[in-house]
Amino acid sequence: SPVLRIPLEALVHRQDRDHVFVLEPGAGGHAARLRAIEVGEADASGIVVRSGLSGGERIVAEGAYFLQDGQAVRVLD
């Protein structure tokens, strides 16, 4: 099966667990939702996600450390 890898900047460590912020579309834009994940090996190209995230889900990479769960965000493509 394909390996899911995220940038190191997307990883947020809170409450003694690893998390990412997943983009959740809404009527007024997007919200950043904190989600616990299990990580594997890391290298210069990113970190492997073992569970908690599916391929195709959009995550916040830049500025993730400063977000709060449910915070409105603007998506830059």
Side-chain angles (χ1 to χ4, degrees):
S1 65
V3 173
L4 184 58
R5 185 180 296 273
I6 62 170
L8 290 171
E9 298 84 18
L11 188 64
V12 178
H13 191 78
R14 296 192 182 161
Q15 302 166 348
D16 294 325
R17 295 199 62 193
D18 293 317
H19 297 80
V20 291
F21 280 99
V22 178
L23 291 176
E24 184 177 277
H30 288 83
R33 294 290 177 193
L34 190 64
R35 185 181 303 167
I37 61 170
E38 183 181 333
V39 297
E41 303 77 34
D43 60 24
S45 65
I47 191 163
V48 172
V49 176
R50 291 186 177 172
S51 67
L53 191 63
S54 300
E57 287 186 293
R58 296 178 74 185
I59 61 169
V60 175
E62 202 168 310
Y65 179 79
F66 301 101
L67 292 176
Q68 297 298 317
D69 189 27
Q71 184 174 341
V73 294
R74 184 177 60 177
V75 176
L76 302 175
D77 289 322

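All values below were derived from every heavy atom in this structure, side-chain atoms included, with hydrogens, water molecules and symmetry-related copies excluded.
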Problem - Connected via hydrophobic side-chain network under 4.5 Å: L53 and V48 - result: no
Fill in the blank from the handout: In short, A31 meets G70 closest at the heavy-atom pair CB-O, 4.0 Å
Practice task
Could you check if a side-chain atom of E62 sits within less than 4.5 angstrom of a side-chain atom of L76, using non-hydrogen atoms only?
Solution key: no
Practice task
Taking the side chain as every heavy atom from C-beta outward, state whether I6 and I37 have any atom pair closer than 4.5 Å.
Solution key: yes
Exercise for the section: State, yes or no, whether a side-chain contact exists between R33 and H19 at a heavy-atom distance under 4.5 Å. Expected result: no
Problem - Cluster overlap V75 with V12, hydrophobic side-chain contacts below 4.5 Å - result: yes
Handout entry: Minimum-distance pair of heavy atoms, taken over all atoms of A10 and A64
Key = O-CB, 4.2 Å
Exercise for the section: Start with the C-alpha gap between D43 and R5, add the side-chain angles, then the distance that decides, and say whether side chain to side chain contact (heavy atoms under 4.5 Å, CB included) holds. Expected result: CA-CA 10 Å; D43 60 24; R5 185 180 296 273; 3.2 Å; yes
Completion exercise
The single option from V73, I59, L67 that satisfies side chain to side chain contact (heavy atoms under 4.5 Å, CB included) with F21 is L67
Problem - Heavy-atom side-chain proximity of E57 to L4 below 4.5 angstrom - result: no
Handout entry: Any side-chain heavy-atom pair of V60 and L23 under 4.5 Å
Key = yes
Exercise for the section: Answer yes or no: is there a donor N or O on one side and an acceptor on the other, between the side chain of R50 and the main chain of E41, under 3.5 Å? Expected result: no
Handout entry: Between NE2 on residue H13 and OH on residue Y65, distance to nearest 0.5 Å
Key = 10.5 Å
Handout entry: Over all atoms of both residues, closest heavy-atom pair of I47 and G40
Key = CG1-O, 3.9 Å
Practice task
Could you state whether L11 and V22 fall into the same hydrophobic cluster, counting links through intermediate Ile, Leu, Val, Met, Phe, Trp or Tyr residues with side-chain heavy atoms under 4.5 angstrom apart?
Solution key: yes
Fill in the blank from the handout: Rounded to the nearest 0.5 angstrom, the NE2-CD distance for H30 and E24 is 9.5 Å
Practice task
Please check if the side chain of R35 supplies one atom and the backbone of G52 the other of a donor-acceptor pair under 3.5 Å.
Solution key: yes
